[in-house]
Amino acid sequence: MRLSEIVAVSGLAKKAPFHFMNYALADLAERPDEYTPAHCQFISQADLQSWLSAGAQPAQSVNRQELGIYLPDIYASDFFFYEQQNNYISTMAYMRMINDLLPLDIERYELAFAAFVVLHEYGHWLHFRRCHKSSVEYVLWLNRFLAPVESQREVLDLLPDSEPVKEELVAEHINAYNAMPQEFSANKYALKHVAQLYAKLIK
């Protein structure tokens, strides 16, 4: 099942702007670095450039149609593979949460993961809308929490997997990441709804 089909089953396309990125898997196999992970975009490129160049918030949003949830429109199995390649720590953290909640058949864990990510990204969008902040205000607020956690991840990326303390440090990083308000909110939404969506998908 493709991610666009999962979104259609979820009914969330009526509640948030979804943007589907089309990839040819043969091209991705040759150039995996061109893959863009699933994410929620809260500021347009025009607004971002205006903010960075002027050092001040734009008077109004220039290109709001760029905002929303970006998902690669590929099959759940390929999605799991590329998300794991690009963001292994988050992928494993999500799978632990899902395994604690759902009795999964091994052949369907990739589908459950895709469903969770769709709901998680919608949870981010919901959090953004409920905060009643402008795009720039929201991104600045996010960065207050994200910057130290991202610095921690950069250190982890430098450590070889053979380092004895790495597993413990990764666990600490996952806990710190999931404790950030934006991640806590997105995970809470996904965990609340993933069982229902997963049941619909496997019918």
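Being a predicted model, the structure only gives us computed values, none of them experimental.
Taking both residues in full, the closest heavy atoms of Y35 and Y23 are given as C-OH, 3.8 Å, listed atom of the first, atom of the second, then distance. Residues E110 and S77 come closest through the heavy atom pair OE1-CB, 3.4 Å.
Y138 and F184 fall into different hydrophobic clusters, where Ile, Leu, Val, Met, Phe, Trp and Tyr side chains are chained together by heavy-atom contacts under 4.5 Å.
For R108, the salt bridge (Lys or Arg N to Asp or Glu O under 4.0 Å) partners two or more places apart in sequence, or in a different chain, are D105. For V165, the side-chain contact (heavy atoms from CB on, under 4.5 Å) criterion is met by E163, L169, not counting sequence neighbours. A search for side-chain contact (heavy atoms from CB on, under 4.5 Å) contacts involving L12 returns S10, K15, F18, V118, L119, Y122, Y189, not counting sequence neighbours. Considering only residues two or more places apart in sequence or on other chains, E167 meets the salt bridge (Lys or Arg N to Asp or Glu O under 4.0 Å) condition with none of them.
In this structure, the side chains of Y198 and L101 stay at 4.5 Å or more apart for every pair of heavy atoms. Under the 4.5 Å side-chain criterion, counting only non-hydrogen atoms from C-beta, I6 is in contact with L111. Inter-residue side-chain proximity for F113 and M95 is flagged as met; some heavy-atom pair is nearer than 4.5 Å. With contacts defined as side-chain heavy-atom distances shorter than 4.5 Å, the pair N86/P37 qualifies. For the pair L197/F116, no side-chain contact is recorded, criterion being any heavy-atom separation below 4.5 Å from C-beta on.
Within a 6.0 Å radius of CD in Q196, no more than 12 heavy atoms belonging to other residues, nucleotides or ligands are found. Counted within 6.0 Å of CG on D161, heavy atoms from surrounding residues, nucleotides or ligands total 12 or fewer; the atom is thus considered open. Remark: Y75 OH is loosely packed, at most 12 non-hydrogen atoms of other residues, nucleotides or ligands lying under 6.0 Å away.
To the nearest 0.5 Å, atom CZ of residue F81 and atom OG1 of residue T91 are 11.5 Å apart. Distance check: L142 CG to H124 NE2 gives 8.5 Å after rounding to the nearest 0.5 Å. Atom-to-atom distance recorded for Q41:CD and F128:CZ is 10.5 Å, nearest 0.5 angstrom. A distance of 11.5 Å separates CD1 in I98 from OH in Y109, rounded to the nearest 0.5 Å. Atom CG of residue L140 and atom OG of residue S135 lie 11.0 Å apart, to the nearest 0.5 angstrom. With values rounded to the nearest 0.5 angstrom, E34 atom CD is found 9.0 Å from T36 atom OG1.
Using bins of under 30°, 30° to 60° and over 60° for the plane-to-plane angle, the ring pair Y94/H120 lands in the tilted bin.
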Under 3.5 Å donor-acceptor pairs involving side-chain atoms of residues 170-181, not counting sequence neighbours:
unit_1, atom_1, unit_2, atom_2, d
H173, ND1, Q152, OE1, 2.9
H173, NE2, R153, NE, 3.0
H173, NE2, R153, NH2, 3.2
N175, ND2, A171, O, 3.3
Y177, OH, E183, OE2, 3.3
N178, OD1, N187, ND2, 3.2
N178, ND2, I174, O, 3.4

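Annotation: salt bridge (Lys or Arg N to Asp or Glu O under 4.0 Å) contacts involving residues 69-89, sequence neighbours excluded, comprise R2-D73.
The aromatic ring centres of H19 and W125 sit 6.0 Å or more apart.
The main-chain N or O of C40 is found under 3.5 Å from a side-chain atom of E121 such that the two form a donor-acceptor pair.
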